[in-house]
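Throughout, protein chains are lettered first and strands after them, A, B, ... in sequence-line order, and every chain is numbered starting at 1.
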Protein chains: 2
Amino acid sequence: MNIGDVAALSGLPAKTIRYYEDIGLVKPLRSANGYRSFRESDAHKLAFLGRARALGFSIEDCRNLMALYEDEHRASAEVKDIAEHHLERIDSKIAELKEMRATLAHLVDACAGDHRPDCPILADLAKEQSGEDRLENTA
Amino acid sequence: MNIGDVAALSGLPAKTIRYYEDIGLVKPLRSANGYRSFRESDAHKLAFLGRARALGFSIEDCRNLMALYEDEHRASAEVKDIAEHHLERIDSKIAELKEMRATLAHLVDACAGDHRPDCPILADLAKEQSGEDRLENTA
DNA sequence: CTAGGGCTTCCATTCACTGGAAGGTCAACT
DNA sequence: AGTTGACCTTCCAGTGAATGGAAGCCCTAG
């Protein structure tokens with residue numbers, strides 16, 4: 001299979017597949033003409049990577065997950081550990097975004113959004129420092 | 001004020017402040033010794049930037065928000081527009097993360113996490129393509 | 001034999017910093 | 001006067017995970 005074929009199969013852009021070879025995630029063979037030659041197993045790996053990335057795993061996580069996948073003697077605990085850590089990262093990211101969302105939604109709500117210059121959003125961004133900060137600076 | 005002082009005041013690392021000067025977000029004066037010399041207004045700007053960034057606005061958004069902040073004849077509608085777009089981005093990001101979270105939590109839940117190699121997480125990542133994909137490829 | 005599509009490599013760019021090296025400056029203490 | 005040590009300067013490189021583009025092979029169809 002040429003790169004275009006695995007790209008179609010895995011749903012990954014050819015560019016990305018080349019990049020994955022660059023960083024050692026796949027090691028396709030080479031045809032006589034210099035083209036990358038992908039085996040079934042390479043296509044399978046790439047699909048695996050695509051799904052892991054879609055779940056938000058980092059490349060390093062993917063590397064580790066692949067290694068575990070290929071290790072018949074793995075302990076599922078190791079996989080679960082990676083997944084649980086990732087779940088925590090997702091959760092804190094969600095929490096962070098929700099907090100931003102809450103603040104921002106509040107400000108957007110308060111803003112008239114008309115032709116006049118008065119704007120609670122800008123007022124908030126420009127406000128003097130909050131309680132804790134003021135304490136620090138006054139101390 | 002030297003850079004360390006505004007860093008303390010704004011809560012931004014000195015490195016970041018230099019970077020902001022680099023990309024034209026602040027324009028501190030220079031002392032005879034070559035040190036950056038920040039006015040009150042610069043410190044104020046940096047605090048503004050810090051808060052906007054903390055709300056997740058991109059640097060380009062920050063640039064525009066600053067410009068609006070400094071424009072007495074702005075229409076609050078312009079500010080609100082930027083904020084609403086950002087709110088949408090946040091919402092779709094949250095939705096995306098929640099979806100990941102749901103899938104991942106399900107898999108983590110199903111995984112024994114013991115010494116045995118059997119692992120639903122890996123099984124899912126390695127599975128043959130899903131319904132839609134199979135349709136596409138069979139066609 | 002030429003046009004096109006697919007493939008190759010290499011380099012630059014993205015975003016928003018961050019780290020580090022090499023060196024100048026300044027205030028304080030010996 | 002000398003020397004720490006904290007602070008400041010510039011410049012270059014790296015982060016993550018690709019993505020864009022240029023220049024140039026390769027292969028097939030017409």
### Message
With nearest nucleotide decided by heavy atoms, which residue, B:Ile59 or B:Tyr35, maps closer to the 5′ end of DNA chain C?
### Response
B:Ile59

### Query
Roughly how many Å is it from CD in A:Glu21 to P in C:dC10, rounded to a whole number?
12 Å

### Message
Whole angstroms only, please: what is the CZ-P distance between A:Arg18 and D:dT19?
### Response
12 Å

### Message
I'd like to know if A:Lys45 and A:Asp42 make a salt bridge, using a cut-off of under 4.0 Å between side-chain N and carboxylate O.
### Response
no

### Task
Nearest whole angstrom, please: distance from the C1' of D:dG16 to the CD1 of A:Ile23.
9 Å

### Query
What integer distance in Å separates B:Asn33:CG from D:dT9:P?
8 Å

#### Entry: Integer-rounded Å distance: D:dC7 C1' and B:Met1 CE
16 Å

### Query
Salt bridge between A:Arg18 and A:Glu21, side-chain N to carboxylate O under 4.0 Å?
no

#### Entry: Closest nucleotide among D:dC8, C:dC7, C:dT8 to the A:Arg30 side chain
C:dT8

### Task
Among C:dA16, D:dT10, D:dA17, find the nucleotide with the atom closest to the side chain of B:Arg36.
D:dT10

### Task
Heavy atoms only: give me the nearest A:Tyr69-A:Arg74 pair and the separation to one decimal.
O-NH1, 3.0 Å

### Query
Please give, in whole Å, the distance from D:dT15 C1' to A:Asp22 CG?
16 Å

### Task
Give the nucleotide from the list C:dT8, D:dC26, C:dA16 with an atom nearest to the side chain of B:Tyr19.
C:dA16

### Summary
From CD1 of A:Ile3 across to P of D:dT19 the rounded distance in Å is 13 Å

